[in-house]
Amino acid sequence: MMRSLSILLIVFALSGFVYSADKKEEARKVHDMLRQAQQKRYGGKEDQTKAIEVARAVIGANAATTKDKIEAFDVILYVQRRNRNSRELISLGKELRALFPGDASIDRKATYNLVDTYWDQGKKESLEAALPEIRDFIERNPNEKEMLMEANLKLSRFCNRMRLGADGHSAALAAFELSKNENKDLAASALWEMQEAAKWMKDDNKALEALRLMIKPEFIDNLRADHQHGRRRRYADVLLATKNGEELRTYFSERLKVEENTGYSQEWAWLIGDSYRKEENWGKAVEAFDKVFIDHPAVHNYWKDAQTGIADAYEKMEKWQDALGAQHVLLDVADNRWSIENGVRKIAELMTRIDGNIDRANAYLQFHISGPAGPDNKPGSEDDLKNPAADLPYTVSEARRKSFAQAQAGLGDNARACEHRAWMAMYSGQPKEALRIFSLAFLRATGQDSATYAYYVAVTGIRTVDGHEHNLKNILLYMLQGPAGKDMKAGTEDDLKSPFGPYASMLAKDTDWLPGVNNEGRADLKRLGGSLLKLIRENRSDGALCKEAAYAVRRLYEFGPVYEGEDVGKWALEVMKNIKDDRLLESFAKVGQTCVSRKDYSLGQSLAFWEMVGAEGSDIGMSDYLKRVRKGYLESLSRRLKNADLVPRLKLYKEPKKPEPKKAEQKKPDKKKAEKKK
């Protein structure tokens, strides 16, 4: 009996072992299938189809755990999201939620997948379909505090996108109240959605309530710098809209003491000036706007806005001469047709106010309409014109000029530093000095910056020195094509004559490139340039060395023609053959572009170099990256320089009509009296 019982127990134990072994084997198969699906989801179409098929098998397997099934769903979701298959994603969200009823975390995953898909679709009906899904999720999970924070925040974003301001505000407020002591980052996002909702409600006071909380260190300090800036700028805009100028000045004056970003600091200073302008406190506005220049000379982002504010304030105060001088600066820095036309009109308008008649204003307008050659467009004829604004003063504070002078030393020596110096000269009322420095920036420029600085040389520099726009089209055409013209071949019919003769004394000289370096030092630099080029040729396979040497050569050429010998453009093309590294190719392309001669102040040879880079049959295996670099350069030339007819469209003032004297009224004859007399 005992022996039979023992045998029976052994049989039962063995059967359990077999069952356990089978279960482990099934689990192992499920895990293998899951790994296979996870690997294939990154492949092509066939692999993705296989990944979905295997993931489906995992979901249906008895041995698959909840974790396995969720990971399998993730595979399918990834594939369908990668293929932007919205219909399948929506179906998957509903299927996942139905498969695990009552599980809050899976409910969250499924619902968020569903509503995020609706969000990506962006259609009105999709957004409307998402709202009940989120609201139902909130009702299903009343005790899941963390989920309620996220869900209410998501609900507010959907409402705001649909411009349902009141609903968006209440959802964001709920998210904030739940998260303000638990999750500061989420609370900060909720505050942002609250002010966004208030914007759609057109309720600046509600927006201000949210933003006053938003700018507190506990909510704003953890955000990225650009996001912090965006929130502070929105706070300032609402303060201006609600006429809370004093609050704005208090907050941003404190920010100026700690702000490390020079661009942001200058913006805060401009906002302080703008707050005075909104209050019509014109004297304070002038002082504050001038501080944008005086206290922030390192960047010029807000200089034009500040100068506009100064000119407007003087006009509002009826200080017409000061307004005229401030407007003169604005016309000098104008760089497109609209701003040139607007600047000329404003100066003409101020002239009429000062003179009490339209004579000088009309002479000024006619000068811009016809140019110095006059209406017949023939220089040297009787109708030639002089610029009535040739001696027009500039309204520029001495403090501004002093600040600019002190800041010069720390600006650096490359093309961008030269550009900034040129703007300093423009905003100081020194157009000839600005032209010289813009031309130096052009000579040092590389890549797409070349076209930008060519444009500034002509449109900002030469136009201001001339006092009119009638030479610009020819100058810009020459700067684009060079003396060889459009066909890039010297001695053909389309050759162009240099227009720079009258400006030769104002353009950068060879000595400007290397100030303080004598002829012996220049010779040393030329030898250094040649040695670097030789080093690159002999060590072409050493990418790191070539890259550093290429940068050094280009940097040398930024300071002038320090290498004499073979055509550096053609040499750069030769070196570029068989180089595979995109960044190294770009470095050599910039060497070739920068090193071609610019003694004639044109981009003709630079353009020819890029044409050689892209020539059909070239031995250079030009990568897509280098093609994009070349395309960007050629497009920037076309955009900046080709369509440059900037002569403003203006009309002369008309003399006001004098009222005609009233004629004496003639009485009509009385017929009855006439009959009686008869």
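The structure presented is a predicted model; accordingly, all values stated were derived computationally and were not measured.
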Participant: Given 3.5 Å as the limit, does a donor-acceptor pair link the side chain of S170 with the main chain of D167, or not?
Facilitator: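 A pair under 3.5 Å: yes.
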Participant: Please determine whether the number of non-hydrogen atoms from other residues, nucleotides or ligands lying under 6.0 Å from atom CD of E146 exceeds 12.
Facilitator: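 At most 12 heavy atoms, drawn from other residues, nucleotides or ligands, come within 6.0 Å of this atom.
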Participant: Indicate the ring-plane relationship of W119 and F158, choosing parallel, tilted or perpendicular according to the 30° and 60° boundaries.
Facilitator: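 Rings of W119 and F158: perpendicular, over 60°.
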Participant: Quick check on K291: does its NZ atom have over 12 non-hydrogen neighbours (other residues, nucleotides or ligands) under 6.0 Å away?
Facilitator: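 Not buried by this count: 12 neighbours or fewer within 6.0 Å.
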Participant: If you measure only the distance, is there a donor-acceptor pair under 3.5 Å linking the side chains of E193 and H169?
Facilitator: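 H169 and E193 do not have a side-chain donor-acceptor pair below 3.5 Å.
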Participant: Please indicate whether K284 has more than 12 foreign heavy atoms, meaning atoms of other residues, nucleotides or ligands, lying under 6.0 Å from its NZ.
Facilitator: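 Count not over threshold, so no.
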Participant: Distance only, no hydrogens: is a donor on one side chain within 3.5 Å (strictly under) of an acceptor on the other, for Q48 and R41?
Facilitator: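 No.
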Participant: Take K109 and D74 through the test salt bridge (charged side-chain N to carboxylate O under 4.0 Å, His left out) and record every step on the way to the result.
Facilitator: CA-CA 10 Å; K109 182 183 185 69; D74 284 338; 2.8 Å; yes
Participant: Using 4.0 Å as the upper bound for N to carboxylate O, is an ion pair formed by E53 and R56?
Facilitator: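 Looking at R56 and E53, the cut-off is not met.
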Participant: Side chains of N342 and S339: is there a donor and an acceptor less than 3.5 Å apart?
Facilitator: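 No pair is found: no donor N or O on one side chain lies under 3.5 Å from an acceptor on the other.
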Participant: If the plane angle is over 60° it's perpendicular, under 30° parallel, otherwise tilted; pick one for Y456 and W423.
Facilitator: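 Perpendicular.
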Participant: Give me the atom names and distance for the closest heavy-atom approach of E279 to G245.
Facilitator: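 Reported closest heavy-atom pair: OE2-CA, 3.4 Å.
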Participant: List in chain and number order the residues that pass side chain to side chain donor-acceptor pair (under 3.5 Å) with Q36, two or more places apart in sequence or in another chain; answer none if no residue qualifies.
Facilitator: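 For Q36, no residue satisfies side chain to side chain donor-acceptor pair (under 3.5 Å) once neighbours in sequence are set aside.
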Participant: So does E315 pair up with K346, basic N to acidic O under 4.0 Å?
Facilitator: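 Result for this pair is yes, salt bridge flagged.
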Participant: Carefully, step by step, assess E247 and Y251 under the rule side chain to side chain contact (heavy atoms under 4.5 Å, CB included).
Facilitator: CA-CA 6 Å; E247 182 179 342; Y251 178 76; 5.6 Å; no
Participant: Which of parallel (below 30°), tilted (30 to 60°) and perpendicular (above 60°) describes F293 and F404?
Facilitator: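 Rings of F293 and F404: perpendicular, as their planes differ by over 60°.
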Participant: Would you say the side chains of T65 and D68 form a donor-acceptor pair under 3.5 Å?
Facilitator: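 Yes, side-chain donor-acceptor contact under 3.5 Å.
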Participant: Does atom CZ of R84 have more than 12 heavy-atom neighbours, drawn from other residues, nucleotides or ligands, at distances under 6.0 Å?
Facilitator: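 12 or below, so no.
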Participant: Give a yes or no on whether the backbone of Y264 and the side-chain of N261 come within a donor-acceptor separation of less than 3.5 Å.
Facilitator: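 Checked: pair present.
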Participant: Would you say the side-chain atoms of Q266 pair up with the backbone N or O of H296, donor to acceptor, closer than 3.5 Å?
Facilitator: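 Such a contact is found between Q266 side chain and H296 backbone.
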Participant: Should Y78 and Y42 be marked as a side chain to side chain contact (heavy atoms under 4.5 Å, CB included) after you check the CA-CA gap, both sets of side-chain angles, and the distance that decides it?
Facilitator: CA-CA 9 Å; Y78 175 86; Y42 301 113; 3.5 Å; yes
Participant: Is a side-chain donor-acceptor pair under 3.5 Å present for Y302 with E267?
Facilitator: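 Result is yes, a qualifying pair exists.
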Participant: Is it true that K50 and D47 have a side-chain N and a carboxylate O under 4.0 angstrom from each other?
Facilitator: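 Judged by the 4.0 Å cut-off on N to carboxylate O distance, K50 and D47 do not form a salt bridge.
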Participant: Whether the S397 and D290 side chains hold a donor-acceptor pair (N or O, under 3.5 Å, no angle test) is what I'd like checked.
Facilitator: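 Judged by distance alone, the side chains do pair up.
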Participant: List the steps, then state whether side-chain hydrogen bond (donor to acceptor under 3.5 Å, both in side chains) holds for Q228 with R232.
Facilitator: CA-CA 6 Å; Q228 290 186 29; R232 290 190 175 105; 3.2 Å; yes
Participant: Does a side chain donor of either E419 or Y453 reach within less than 3.5 Å of an acceptor in the other side chain?
Facilitator: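 Side-chain D/A pair, E419 to Y453: present.
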Participant: I need the full list of ring-ring contact (aromatic ring centres under 6.0 Å, His included) pairs touching residues 170-204, with sequence neighbours left out, sorted by first then second residue.
Facilitator: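 The answer is F176-F219.
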